[in-house]
Protein chains: 2
Amino acid sequence: MRIGELSRATGVAIPTIKYYVREGLLPAGQLTSPNQARYDDGHVRRLRLIRGLMDVGGLSVAAVREVLAAVDAPEEPVHKVLGAAQEAIAPPQAAAPDGIEEARRTVEGLIRRRGWRVAPQNPSVEALAVALATLQGLGHGDFEELLEGYADACERVADADLAWVGRNAEVDRLVESVVVGTVVGDAVLSALRRLAHVDASARRYEGGETV
Amino acid sequence: MRIGELSRATGVAIPTIKYYVREGLLPAGQLTSPNQARYDDGHVRRLRLIRGLMDVGGLSVAAVREVLAAVDAPEEPVHKVLGAAQEAIAPPQAAAPDGIEEARRTVEGLIRRRGWRVAPQNPSVEALAVALATLQGLGHGDFEELLEGYADACERVADADLAWVGRNAEVDRLVESVVVGTVVGDAVLSALRRLAHVDASARRYEGGETV
DNA sequence: CAGAATGGATAGTGGCGCTTTCCGCTATCT
DNA sequence: AGATAGCGGAAAGCGCCACTATCCATTCTG
């Protein structure tokens, strides 16, 4: 397969493919002569993965590069890959808002109560604390009363996710499903939450009008 | 309060505040003379809201402007505000991936089975279909088996969210909590899901090592 | 009354994700 | 065999975004 065909198969413009190769997201084609190269199904799959992570997951090129490094790390155990993927997609830390200390204690307490085996330096711990401190700073601190319910829901979802990931026997498919499940799963979950909001709001506040 | 004090109170640089005023995110101060203006607590709150939506929710300036328009719309019923907020924060529609038609039918079926009162043109419907089609295109189409579990979790979360929003008696606080709950709630939910993933993975794949 | 701060306008900056252009070479069609 | 289209690689350019810097005349502050 030459680059034009790869482009047609994936809907990605040729200069963009060249750009991804330059940026280290996509391996270069196999050179058959100084200025000809062949691409294969692996390139098609990789390119689709890149676009999925960017378009649906909203990842930057840099984040995709890190995620793919985790995917390509040979024979890492699942648990490590998950950690690496989470590191890679963690949003850039904004400045700590007021009240972050108290929010950190809230998060720590939640993790302890739940018995979650999470390292304190996990980026999601801080991300959660920042979100809670922001809510507090906006005068919506009572949001914390919803936390346990959120955590219940997430435990259930996470168990199902892990069972789903575990069904992939081949290691490289498994690793990829960890990444895809994390990134695209977020998009699925937030879309579903919005739909459920609309429904709950329709039941609560409207006779039947939909939005 | 003059602009320097507003800047110190919120941690937002003066030129940035001026920029937000220019962009229509923040109302101008009350002029006391041709080149002096006063700002008040409303400006502090609004500025914090803007930064929360951008930093935690990841919204663009344009999205924040639309969200705030919904917040400021006088006396709109909650249901409408929710719809407007969702419109405003809907991610820009990427090109439809292959298999979008089938994914749309899957989503439609889910909504019908659930009895959700959602308009078919709701942007989250399409966002969900795009996410599912992407999973399919990456060879992870069996993710759909998790959908019902995700939907269960979201129904529970959404009910709690609406109850929480409904506790705000004053209308403007209520409207703001709809917006904040939607945007910042997403961040909370995805952080919790990641933590739950790490825990589930630790239990499943590791003796006790944390990530 | 000196020095700092202000409102308002205009222009500039740095990062990101491409896109354009150019070159000499290669594959393919007829 | 010649015409045409496509290729790989490098370099420069572009459009958007979220600020940031500079300037000015005016006004507040010590």
Side-chain angles (χ1 to χ4, degrees), chain A residues 1-40 43 46-47 49-68 88-89 91-95, chain B residues 1-40 43 46-47 49-68 88-89 91-95:
Chain A
M1 187 187 304
R2 294 165 65 189
I3 200 171
E5 203 175 338
L6 179 61
S7 170
R8 256 167 276 124
T10 58
V12 179
I14 291 177
T16 305
I17 294 175
K18 291 182 176 183
Y19 168 69
Y20 291 161
V21 172
R22 275 201 310 280
E23 292 295 314
L25 305 189
L26 189 69
Q30 185 78 10
L31 281 181
T32 60
S33 67
N35 68 340
Q36 293 292 302
R38 299 279 127 177
Y39 302 84
D40 58 22
H43 289 94
R46 173 54 60 101
L47 209 36
L49 178 57
I50 293 168
R51 296 312 303 232
L53 294 175
M54 293 181 77
D55 293 346
V56 178
L59 300 200
S60 67
V61 166
V64 170
R65 183 165 41 228
E66 287 185 61
V67 167
L68 293 179
I89 65 184
Q93 277 292 28
Chain B
M1 188 187 304
R2 295 165 66 189
I3 201 171
E5 203 175 339
L6 178 60
S7 170
R8 255 166 278 125
T10 58
V12 179
I14 291 177
T16 305
I17 294 174
K18 292 182 176 182
Y19 168 69
Y20 291 160
V21 172
R22 276 201 308 281
E23 291 295 315
L25 305 189
L26 189 68
Q30 186 76 9
L31 281 181
T32 60
S33 67
N35 67 338
Q36 294 290 300
R38 300 279 126 177
Y39 302 84
D40 58 20
H43 290 94
R46 175 53 60 100
L47 209 35
L49 177 58
I50 293 169
R51 296 314 302 231
L53 294 174
M54 294 182 77
D55 293 346
V56 178
L59 298 201
S60 67
V61 166
V64 170
R65 181 165 39 228
E66 287 185 61
V67 167
L68 294 179
I89 66 184
Q93 276 292 28

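Just so you know, these numbers use all the heavy atoms, side chains as well, and skip hydrogens, waters and symmetry mates. Per chain, numbering begins at 1; letters A, B, ... match sequence-line order.
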*In whole angstroms, how far is the C1' atom of dA5(C) from the NZ atom of K18(B)?*
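Atom NZ in K18(B) sits about 10 Å away from atom C1' in dA5(C).
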*Could you tell me the separation between the CG atom of L47(A) and the C1' atom of dC18(C), rounded to a whole number of Å?*
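In whole Å, dC18(C) C1' and L47(A) CG are 14 Å from each other.
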*Map P15(A) and N35(A) onto DNA chain C by nearest heavy atom, then report which one ends up closer to the 5' terminus.*
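Looking at the nearest nucleotide for each, P15(A) comes out on the 5' side.
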*Going by heavy atoms closer than 4.0 Å, what residues in residues 19-34 of chain A are next to DNA chain C?*
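The stretch gives Y19(A), Y20(A), R22(A), S33(A), P34(A) as the residues lying under 4.0 Å from the strand, ordered by number.
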*Please list residues of residues 58-67 of chain A whose heavy atoms come under 4.0 Å from any atom in DNA chain C, ordered by number; otherwise none.*
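DNA chain C contact set from residues 58-67 of chain A: S60(A), V61(A).
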*Check every nucleotide of DNA chain D for an atom under 4.0 Å from a heavy-atom of chain A, then give the first and the last such nucleotide from 5' to 3'.*
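Counting from the 5' end, contacts occupy dG6(D) to dG9(D).
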With sequence neighbours excluded, residues passing side-chain hydrogen bond (donor to acceptor under 3.5 Å, both in side chains) with [X]:
X	value
Y20(A)	R51(A)
D40(B)	H43(B)
R8(B)	none
R38(A)	none

*Taking all heavy atoms of G4(A) and all of I14(A), pick out the closest pair and write down the distance.*
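Minimum heavy-atom separation between G4(A) and I14(A): CA-CD1, 3.9 Å.
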*Applying salt bridge (charged side-chain N to carboxylate O under 4.0 Å, His left out), name anything that partners E5(A), two or more places apart in sequence or on another chain.*
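E5(A): no salt bridge (charged side-chain N to carboxylate O under 4.0 Å, His left out) contacts found.
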*Under 4.0 Å from any atom of DNA chain D, heavy atoms only: list the residues of residues 1-8 of chain A that qualify, in numerical order.*
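The answer is R2(A), I3(A), G4(A).
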Are [X] and [Y] close enough that some pair of their side-chain heavy atoms sits under 4.5 Å apart?
X	Y	answer
E23(B)	V64(B)	no
L6(B)	R2(B)	no
L68(B)	I50(B)	yes

Only distances under 3.5 Å count here; give the side-chain donor-acceptor pairs of residues 24-33 of chain A to other protein atoms, sequence neighbours excluded, each with its distance to 0.1 Å.
none

*Taking T10(A) for its side chain and L47(A) for its backbone only, find out whether a donor-acceptor pair lies under 3.5 Å.*
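Here the side-chain-to-backbone pair does not exist.
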*Please list, chain by chain and in numerical order, all residues satisfying side chain to side chain contact (heavy atoms under 4.5 Å, CB included) with E66(A), sequence neighbours excluded.*
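Scan of E66(A) (side chain to side chain contact (heavy atoms under 4.5 Å, CB included), adjacent residues dropped) gives A88(A).
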*Measure the angle between the two terminal helix axes of the helix from dC1(C)-dG30(D) to dT30(C)-dA1(D), five base pairs each, and quote it to 10°.*
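For the helix from dC1(C)-dG30(D) to dT30(C)-dA1(D), the axes at either end differ by 10°.
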